[in-house]
Number of protein chains: 2
Amino acid sequence: MSLRHGLLGLLAEGPASGYDLARRFQEVLGQVWPAQHPKIYAELRRLADEELIEVDAEGPRRRKAYRITDAGLAEIRRWLTTADVDHTIRVQPLLRSLFFWLMDPDDLRAHLDAEARFFAESAARYRIYAKAKDRGEFGDSPQSRSMRVTIEAGIRLYDALASWAEWAKTVPPAAATSSDADAGPAGR
Amino acid sequence: MSLRHGLLGLLAEGPASGYDLARRFQEVLGQVWPAQHPKIYAELRRLADEELIEVDAEGPRRRKAYRITDAGLAEIRRWLTTADVDHTIRVQPLLRSLFFWLMDPDDLRAHLDAEARFFAESAARYRIYAKAKDRGEFGDSPQSRSMRVTIEAGIRLYDALASWAEWAKTVPPAAATSSDADAGPAGR
DNA sequence: TTAGGACATGTCCTTATGGACATGTCGCGG
DNA sequence: CCGCGACATGTCCATAAGGACATGTCCTAA
């Protein structure tokens, strides 16, 4: 359950409404931590019940901005320092790659081309963010520095995946010269 | 819902029981695609209901081995070639890094040390697998080649994260010289 | 003045995931 | 022959996540 702490962390930067948070989540973490608004509104209510956040202001259109409380700040800090990190890397392309041997070589090449392109584009997108930050467009607050660190992770991860996809194209699907006997259920 | 296709893919390599599949999932994909046995058994039953797999043999201790059917093979191939890839990279350390500014610098350094160590160890673990495969310990079937590709992704991803964590340690937490005025709710 | 788009918050249902708990079998070593 | 560890399969519950559907407001431009 990291959404909870994601929200607390974002609220630590300053008051925001559920709508704001949904947008920020989508923008900054869309590729990394998807969260749709129903989940966010529900979680905000729960956080408010537990007094980790409180209503800061009510605006037009039923807008309700929340502010983090001292208890909330303590909780996010506790999470950051004492809670175990979940090291699971849930990346579907990795799962798929286990089964590449089931694919027609031409389909596979096309697939890897598309994947490499996608990863490279994602890396480029994060690079643009990083450049903007390095130019000072987001100021130089501690928060923006942390964002820069997150962005760097995105760049490195997507670069790694892009180069992996390129490399994967160079791996021949099966032993080229020797016995091709045991095709098993995969035989076409 | 990729567990379904994960199971189909593993069964495409040959018959296996739920227990076997749970072990393989844990072994090969433990860090990437966690799946505990209750889910696996339930999904196998559903797959059998839809006749994408069928019972291959029953052994001692209620052991039931499943075999993929032609329909199942067609389904996994369909998934691999036509289904959209989910490009979400669900990595909790990235989410956490957005909030590093909330951490005490010493805690953060210790945290990044531990993270770097963990990522480097994971990369090393995958490297050992890769070496074994390259020495021919897993034979040279198409399946093992795909596994080699998956392992390579693991290596590159963990290397990227390890170097990122090292790099992150070199980022000063905030503007060193200039104004340190607006501490906001984060002020200690 | 009115239609459309961005703002803003929700309900409801289904499926997924994690984790605790339960049950029983087989083989082996002491 | 008895106990233990690996084998093997499940139920049950709580929470998380995804996605469809619903509702209404405010502002702006045609």
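The sequence lines fix the lettering, A, B, ..., with proteins before strands; numbering per chain opens at 1. Not measured: the values here are computed from a predicted model. Every heavy atom of this structure was used, including side-chain atoms; hydrogens, water molecules and symmetry mates were not.
- Contacts between residues 40-53 of chain B and DNA chain D, defined by a heavy-atom separation under 4.0 Å, are made by B:Tyr41, B:Arg45.
- The nearest pair of heavy atoms linking A:Phe25 to A:Ala35 is CD2-CB, 4.0 Å.
- The only option from A:Leu11, A:Leu73, A:Leu47, A:Leu7 that meets the side-chain contact (heavy atoms from CB on, under 4.5 Å) definition with A:Leu52 turns out to be A:Leu47.
- Aromatic ring pairs are classed by plane angle as parallel below 30°, tilted from 30° to 60° and perpendicular above 60°; the pair B:Tyr126 and B:Tyr158 is parallel.
- For the side-chain hydrogen bond (donor to acceptor under 3.5 Å, both in side chains) test, residues two or more places apart in sequence or in another chain that qualify with A:Glu152 are A:Arg148, A:Arg156.
- Using a 4.0 Å cut-off between charged nitrogen and carboxylate oxygen, B:Arg24 and B:Glu27 do not count as a salt-bridge pair.
- Taking the six-membered ring where the residue is Trp, the centroids of A:Phe119 and B:His87 are separated by under 6.0 Å.
- Inter-residue side-chain proximity for B:His5 and A:Leu95 is flagged as unmet; no heavy-atom pair is nearer than 4.5 Å.
- Rounded to an integer number of Å, the gap from B:Gln92 CD to C:dG18 C1' is 14 Å.
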Per-nucleotide protein contact string for nucleotides 17-28 of chain D, where B marks a base within reach and S marks sugar-phosphate only (heavy atoms under 4.0 Å, - for neither):
BBBB----BB--

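- Of all heavy-atom pairs spanning B:Asp86 and B:Thr88, the tightest one is OD1-OG1, 2.7 Å.
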